[in-house]
Every structure is written in C-alpha cells, then in structure tokens.
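Below is one structure; the comments refer to it alone.
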Amino acid sequence: MASLTVVEENYVRMSLLLTGISPRAARTFFDGEFAPVCLDATIKKEYNKLFDLKKKHIINQSQWNLLFPRFPDVPDSKTFDVTLVILLLRNLTPITPPLCGFDRLPSAMETTHAADLARIKHYRNYLAHLDDGKLESGFFNTAWTDITNAIDRLGGEKMKQECDHLKTKPLDQTNQEIIMDIKHSNNEIRELKESFESLIKSHELLQEHHAEVKKSHEVLQDDHRKVTNEMEIMKISQKDTVPWNIRGK
C-alpha cells in the first residue's frame, strides 16, 4: 500500500480515535449510569418505554436486537455505539441535554458529560460523511483537541494519554488498511442507503399515481351511472307515448 499523505494520515488517526477510544470513553460514563451487572434488569424494566421508541422509529431493529438479544445472551454495553449510548441516556435518565441538543456541536464553553457525548457523536457523523478520506491539518488539530478533552472528562486521564500517543505514533500498514476499508464500507453503506431512499420515493410516487387513477376511475364510474340512469329515463319516456286521458278507454 502506498504511503499516506498528511491529510490522509489525519483521516486515519481521527478514524482510530472515533472508532476506538471515544466509544470506550462514552461507555465508561454510560456504565457509571447503568451498572453493567444490572443492565439486563434495567432494560427489561424499561421495556414499554423502549418499545414505544421502536414504534416511533427512534430505535431501529439493529439497536433493538442489542437491547433484547436472544436467550441466553444479555445486553452488553460493549456492543453499544455512541448513538445508542446517547439514546438510552437521554430517554432513561434525567441527564440535561446540551443547550442546542444532542444533534449539534456544542460550544467550547459547554463541558458537561452530555455536551461531550454530543461532541463525539458530531465528529463521528462528520467523518462518516467524508467522501475523499482526507482531513486538513487545521481542522484536524482543532477537532482532535475538542474530542480528546471530551474523552478525558468522560473516560479519565488514562484514555487521554492514549489519545496523545495515537496523535504522534507511527501508523503501521494494518492501521492504514483497516481505516481505508472502513471508509470504503461507509461509502458503500451510504450508496445503498441513497438507493433505498430512492426506491422509497419511487414507491410513494407510484402510490400517489395509483390513488389518482383510482379517483379518476371512481369519477368515470359515477359518470357512467348517471348516463345509464338518464338513458333509462329516456327509454321509459319513449315507451309512454299514450296520453293519460286515453289509456283507460
């Protein structure tokens, strides 16, 4: 594999940070709110609320399978990504959300655990939507500081030291290949999602067209009934040509 440019290397390091260390930091905080030994019982206790979220499509099927795996398996936070961690925290705990919610990048002044989770989620989503697998150094350094400070507050000093080491350590061939594979997989997933959304849109258009055709058919049927009735009236009037005052004679 050819050596990476600086901007490609930035992308690889950021990917390793957001797929390796930051999810562990988020889960460290999560495990403090949901004790692992009680996680199964807690989730079962909240079944009705979680099922309602599933009906509203806030929880998808893959997440549901992690929360309610087949017996004898039990839910394990190690299988939860940042999105599911945040979803459970915001719906099952009294955590105060960031000022602009969990779906936007918080300001640097916000250093709550909720804001730090939102930071990690924001940068992870940002990276997932990059098409060229490159990060300019200015953005990389700013984002790196923002994310690693969040990791420090959520996961502790040891994880922060891992971040510092990751920023400067030489990248081996395995790191490069894994991250570039992730990038290609993300691109394929995005393309599949776009194709699926296009199919849904086409299906909706066909349904609308079908509804219009059905409506037109109903109008034609109504017109046909009216014409038929009028023809019957005309037939009766044509047969009844004898004046009433002569019929009885």
Side-chain angles (χ1 to χ4, degrees), residues 15-97 102-103 112-114 116-125 127-128 147 150-163 166 174-175 177-193 195-197 199-200:
S15 296
L16 291 169
L17 180 70
L18 290 170
T19 60
I21 303 175
S22 64
R24 285 195 285 116
R27 285 192 291 268
T28 297
F29 173 70
F30 178 86
D31 289 344
E33 298 293 316
F34 296 89
V37 293
C38 302
L39 182 60
D40 184 32
T42 301
I43 289 176
K44 286 177 179 175
K45 181 181 176 182
E46 300 289 353
Y47 178 87
N48 289 338
K49 184 180 288 186
L50 293 169
F51 186 69
D52 187 53
L53 293 172
K54 184 175 184 289
K55 287 194 297 183
K56 295 176 181 177
H57 304 291
I58 295 172
I59 292 178
N60 61 39
Q61 188 61 50
S62 295
Q63 293 168 330
W64 186 259
N65 293 341
L66 295 175
L67 295 173
F68 298 97
R70 291 185 177 181
F71 182 83
D73 293 338
V74 295
D76 186 344
S77 66
K78 291 184 179 65
T79 66
F80 298 172
D81 64 7
V82 174
T83 299
L84 185 53
V85 163
I86 291 176
L87 188 153
L88 295 174
L89 286 168
R90 70 193 296 184
N91 286 284
L92 303 183
T93 74
I95 190 171
T96 302
F102 283 99
D103 299 320
T112 64
H113 289 137
D116 287 333
L117 290 167
R119 275 188 185 86
I120 291 172
K121 179 184 176 184
H122 169 84
Y123 286 112
R124 187 206 59 181
N125 290 345
L127 200 73
I147 297 166
I151 289 172
D152 186 10
R153 289 186 289 265
L154 289 168
E157 178 62 23
K158 186 177 179 181
M159 287 192 192
K160 174 64 162 56
Q161 291 173 358
E162 286 185 54
C163 299
L166 175 59
T174 303
N175 290 146
E177 290 173 354
I178 288 174
I179 297 304
M180 297 315 287
D181 284 344
I182 290 173
K183 175 185 177 296
H184 293 317
S185 296
N186 286 339
N187 289 341
E188 289 174 2
I189 290 170
R190 187 160 54 252
E191 289 172 3
L192 286 171
K193 184 179 178 181
S195 297
F196 181 66
E197 289 173 350
L199 284 172
I200 290 175

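Quantities reported herein were computed from a predicted structural model and do not represent experimental measurements.
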Practice prompt. Dump the intermediate steps for side chain to side chain contact (heavy atoms under 4.5 Å, CB included) on Leu127 and Ser15, then the final yes or no.
Written response: CA-CA 7 Å; Leu127 200 73; Ser15 296; 3.2 Å; yes
Practice prompt. Verify side chain to side chain contact (heavy atoms under 4.5 Å, CB included) between Lys121 and Asp103, making sure each step is shown before the conclusion.
Written response: CA-CA 8 Å; Lys121 179 184 176 184; Asp103 299 320; 2.6 Å; yes
Item to complete: Starting from the C-alpha separation in whole Å, work towards a yes-or-no answer on side chain to side chain contact (heavy atoms under 4.5 Å, CB included) for Lys78 and Arg24.
Response: CA-CA 8 Å; Lys78 291 184 179 65; Arg24 285 195 285 116; over 6 Å; no
Item to complete: For the pair Leu18 and Ile147, evaluate side chain to side chain contact (heavy atoms under 4.5 Å, CB included) and give the outcome as yes or no after the intermediate values.
Response: CA-CA 9 Å; Leu18 290 170; Ile147 297 166; 3.9 Å; yes
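For Arg27 (side chain) and Phe80 (main-chain N/O), a donor-acceptor pair under 3.5 Å exists by modelled atom type. In this structure, the side chain of Asp81 engages the main chain of Leu84 through a donor-acceptor pair within 3.5 Å.
At a threshold of 4.5 Å between non-hydrogen side-chain atoms, the residues Phe68 and Leu50 count as touching. Contact annotation: the side chain of Leu89 approaches that of Phe29 to within less than 4.5 Å [non-hydrogen atoms, C-beta and beyond]. At a threshold of 4.5 Å between non-hydrogen side-chain atoms, the residues Phe30 and Leu117 do not count as touching. Between Thr93 and Phe34 the shortest side-chain heavy-atom distance falls below 4.5 Å. By the 4.5 Å heavy-atom criterion applied to side chains, Met159 and Thr28 are counted as neighbours. A heavy-atom distance below 4.5 Å is found between the side chains of Gln63 and Thr83. Between Leu87 and Leu92, the closest side-chain pair of non-hydrogen atoms is not below 4.5 Å. Contact check for Leu17 versus Cys163: side-chain heavy atoms found under the 4.5 Å cut-off.
For the atom pair Ile43 CD1 and Leu67 CG, the distance stands at 5.0 Å (nearest 0.5 Å). Expressed to the nearest 0.5 Å, how far NZ of Lys49 lies from CD of Glu46 amounts to 5.0 Å. Of the inter-residue distances, the one linking Gln161 atom CD with Leu166 atom CG reads 13.5 Å to the nearest 0.5 angstrom. Note that the CD1 atom of Ile151 and the CG atom of Leu154 stand 8.0 Å from one another [nearest 0.5 Å].
In this structure Lys56 satisfies the salt bridge (charged side-chain N to carboxylate O under 4.0 Å, His left out) test together with Asp52, sequence neighbours excluded. Listed by chain and residue number, Gln61 satisfy the side-chain hydrogen bond (donor to acceptor under 3.5 Å, both in side chains) test with Asn65 (two or more places apart in sequence, or in another chain). In this structure, the salt bridge (charged side-chain N to carboxylate O under 4.0 Å, His left out) partners of Asp40, at least two apart in sequence or on a different chain, are Lys44.
Remark: Arg70 does not engage Asp73 in a salt bridge, criterion side-chain N to carboxylate O under 4.0 Å.
Arg119 and Ser22 are not linked by any side-chain donor-acceptor pair at a separation below 3.5 angstrom, with hydrogens and angles left out of the test.
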